[in-house]
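Here is the structure we will look at.
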Amino acid sequence: MSALQLSGIGHAYLGRTVLDRVDLAVGEGEIVALVGPSGCGKSTLIHIAADIVKPLRGRVAASYAKHGMVFQEPRLMPWATARENIAYPLRLAGIGRRERRARAEEAARHVSLEATDLDKFPLELSGGMRQRVAIARALANRPDFVYFDEPFTALDVALKRRMQDLVIKSAQEASFGALFVTHDLFEAVRIAHRIAVMEAHGQGIAGERAVAGVPGQRGDREIFETVTHYLAEDSLFRHVNEIDERRLP
Amino acid sequence: MTRAGSSIVAKRLGRAGRFLWSSWSGLAAIFLFSVVWQIGHEAYGAFILPSPLAATAAVLQLAGQEANWHTALVTSRRALEGFVIAALAGTAAGIVAGYSAASIRLARPLVTLILGVPPIAWIVLAMIWFGSTDGMVVVTVAIAATPAAFIGAAEGIMTRDRGLDDMARAFGAGPWRRFSTLAVRHVAAYVFPALVLTLGTAFKVAVMAEVLSNSGGIGGGLARARSNLDVSEAMAWVLIAVAALIVVEYGLVRPIHSELERWREAARPWGVRR
């Protein structure tokens, strides 16, 4: 049984169709990477799946208990400390102050945040630390499904790698399923069990490829070869990097 | 928990200490002002401009009589009543308007209109409607002070971070929770400076209304001093009105504001802190 089932999703902004007839399923404990060129509607789709945007057409069936989400920007409350930010979903869930504190600290340990940083405000933290806080916040309420919306695009290469490892590790430990939007094929191949490619204009899912091996156990050479193979020989991925962003609406 | 608790107390004490320490610069400003005042006194003589010392002596003399305390309290009460009405009504209306683009479009010209009418005109109108009563002063204060609070709240809601709203939605927050956990904090940063402005307006308009309608309070004292041509007493009443405003602003509004803006302070590098 799948944790998330999107069927016939369609959406339009001010009459301009951005998504049409999108079907996608994510299994329990499975990480699916959703790739596609910029502007193809990936972000809108994940916003619809996470119940932030109501779709015009189609149905979202979620059988997981609760979800968390990591955005492209950290989206932390500037007036709250790292600890309060991590505890925010717990506060929304109506969990008591003491319990909230303990669980926020547990989530912080999980993403290797230092205890001294927990009392700092987001403005006092570096970009990487802020994204760590955002990941801890997504995991604080022990979700069994997590949405990632291009979470590491703004980070430098080394940091990006560390964050990807963090996601792989916590997905295995907490055994949550995930939908991971990215336009970086290397990231997709590193993290996911399966890659879904979106059609360039949001007209459904163009195709899917299961990635061999288990996330976290694939070597760098294997990842590189897989990506090269996809780009050179697999027609499904041809349009992923071939888009002129100047022509996008 | 105890260690974390004591560190919070220590931080809080540190902030309070810094706040108190900053009053030295306030004192310095007051003394600088007194110097200019004294120069003016020496240039124009005691009848036009009594010396700061004479005015202070007059304040002390006024303060010695219990009836005058009551007078000052009357004005403060009126100003604060008007201020509270203005703050509540203005903020509430501003929040509603901020959420609906249509009503802010309707409200903007209205606010300009209300701001355009000088407070003195409201005083005359309120005198006609209510006579020279307590209510007249309060109503005038409320009308004159509401627009600032309204604009502040509306701006706050309109500039709220939609990204944070989406984040809260992703974690299952309904409209009320989004308002109470995110919008309120954001709006506060806009409303507080507006409230400081509103408070100043409230005291000024209250005194003005009292002078004009001779309905007691500090303004009544001023009006009496004017008819007796007692300049130092008039000065003393002005000083008392300013002192009342300063007490409310630095004792109440500023501490709350700095508590809300703690995070901005935290991001400031050392040496830039006040």
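Residue numbers begin at 1 in each chain, while the letters A, B, ... track the order of the sequences. The structure presented is a predicted model; accordingly, all values stated were derived computationally and were not measured.
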Next on the checklist: Minimum heavy-atom separation for B:Ala168 and A:Leu92, please, with both atom names.
Outcome noted: O-CD1, 4.0 Å
Checklist entry - Any idea which heavy atoms bring A:His67 and B:Ala170 closest together, and the distance? => result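 So the minimum-distance heavy-atom pair works out to NE2-O, 2.7 Å.
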Item to check | Validation row: B:Asp166, A:Arg75 side chains within 4.5 angstrom (heavy atoms) | outcome: yes
Checklist entry - Quick one: does B:Leu182's side chain get under 4.5 Å of A:Trp79's, heavy atoms only? => result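 Yes, their side chains come closer than 4.5 Å.
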Checklist entry - How long is the span from the CE atom in B:Met167 to the CG atom in A:Asn85, to the nearest 0.5 Å? => result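 Rounded to the nearest 0.5 Å, the CE-CG separation comes out at 7.0 Å.
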Checklist entry - Relative to chain B, which of A:Lys66, A:His47, A:Arg137 shows the most heavy atom pairs under 4.5 Å? => result A:Arg137
So with a 6.0 Å cut-off around [atom1] of [X], is the heavy-atom count from everything else above 12?
X: A:Arg21; atom1: CZ; value: no
X: A:Gln172; atom1: CD; value: yes
X: A:Tyr13; atom1: OH; value: yes

Item to check | Most chain A-contacting option - heavy-atom pairs closer than 4.5 Å, from B:Arg169, B:Arg177, B:Arg185 | outcome: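 Among the listed options, the one with the most contacts to chain A is B:Arg185.
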Next on the checklist: Can you tell me which portion of A:Tyr88 sits under 4.5 Å from chain B's heavy atoms? Options are side chain, backbone, both or neither.
Outcome noted: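 When you check distances to chain B, only side chain atoms of A:Tyr88 fall under 4.5 Å.
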